[in-house]
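I have placed the structure first, in the form of structure tokens, so that the comments after it can refer back to it.
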Amino acid sequence: MPFSLDTVKYVAHLARIELKAQELEIISNQLQDIVAFIDMLREVDINAINPTSHILPLQNVLREDTLVESLPIEKALGNAPERKGSFFGVPKVIE
């Protein structure tokens with residue numbers, strides 16, 4: 001599937017990326033190479049391969065979930081630049 005420069009320009013516009021003419025040409029060629037590689041992968045016969053989630057036989061190492069004492073508020077907020085009672089004070093972010 002050839003990627004025209006117009007297609008790359010349109011996608012760049014959607015992504016709000018400003019590209020120069022030379023960059024458009026390079027990206028168009030790279031996208032064509034990627035799609036060609038994906039098409040090549042589609043031709044590989046994988047019917048005899050068992051599905052796996054990972055190539056190595058790994059297992060999760062889990063620890064016992066035990067109750068421990070929490071960090072005291074004074075120690076947790078000791079280096080906080082601003083406090084609001086028992087909480088971290090942070091600036092309001094509204095756009």
Side-chain angles (χ1 to χ4, degrees):
M1 170 183 180
F3 281 89
S4 67
L5 294 180
D6 291 334
T7 304
V8 176
K9 281 182 192 177
Y10 177 69
V11 173
H13 172 72
L14 291 176
R16 305 294 191 254
I17 300 172
E18 186 176 332
L19 297 173
K20 298 177 178 129
Q22 182 182 8
E23 293 171 325
L24 287 170
E25 185 69 35
I26 291 170
I27 291 175
S28 177
N29 291 334
Q30 289 175 343
L31 287 172
Q32 289 177 28
D33 291 344
I34 290 169
V35 171
F37 183 73
I38 291 170
D39 287 340
M40 186 175 66
L41 288 176
R42 286 185 180 150
E43 295 174 6
V44 175
D45 181 22
I46 59 169
N47 291 326
I49 299 173
N50 292 328
T52 60
S53 61
H54 199 282
I55 61 169
L56 299 175
L58 297 178
Q59 289 183 334
N60 250 349
V61 179
L62 303 174
R63 63 176 171 82
E64 187 70 28
D65 190 16
T66 56
L67 184 63
V68 295
E69 188 69 30
S70 296
L71 190 62
I73 292 174
E74 291 304 318
K75 191 168 186 178
L77 298 175
N79 291 328
E82 186 178 339
R83 288 179 64 167
K84 300 238 176 168
S86 297
F87 304 100
F88 289 96
V90 296
K92 187 184 295 188
V93 179
I94 299 177
E95 292 185 21

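Judged by distance alone, with hydrogens and angles left aside, the side-chain atoms of E23 form a donor-acceptor pair with the main-chain N or O of K20 at under 3.5 Å. Side chain of S4 to main chain of T7: a donor-acceptor pair is present (N/O by atom type, distance under 3.5 Å, no hydrogens or angles). The backbone N or O of N47 lies less than 3.5 Å from a partner atom in the side chain of D45, making a donor-acceptor pair. Using a distance-only test at 3.5 Å, with no hydrogens or angles considered, a donor-acceptor pair links the side chain of R16 to the main chain of H13.
The shortest side-chain heavy-atom distance between L19 and E25 does not fall under the 4.5 Å cut-off. Considering only heavy atoms from C-beta on, N29 stays 4.5 Å or farther from I27 through its side chain.
V35 and L41 fall into different hydrophobic clusters, defined by Ile, Leu, Val, Met, Phe, Trp and Tyr side-chain heavy atoms under 4.5 Å apart, directly or through other members. Hydrophobic clustering keeps V11 apart from I17 (ILVMFWY residues linked when any side-chain heavy atoms are closer than 4.5 Å, directly or through intermediates).
Within 6.0 Å of the CG atom in L67, the count of heavy atoms belonging to other residues, nucleotides or ligands does not exceed 12. Heavy atoms from other residues, nucleotides or ligands lying under 6.0 Å from CD1 of I26 number more than 12. Around atom CD1 of I46, no more than 12 heavy atoms belonging to other residues, nucleotides or ligands sit under 6.0 Å away. E82 CD: more than 12 foreign heavy atoms inside a 6.0 Å radius.
Looking at every heavy atom in both residues, L5 comes nearest to S28 through CD2-CB, 4.0 Å. The minimum heavy-atom distance linking F88 with A76 is given by the pair CZ-O, 3.7 Å.
Atom CG of L77 and atom CG of L71 lie 9.0 Å apart (nearest 0.5 Å). Within the model, atoms CZ of F87 and CD1 of I73 stand 7.5 Å from one another, a figure rounded to the nearest 0.5 Å. Distance CD/Q30 to CD/Q32: 11.0 Å, rounded to 0.5 Å.
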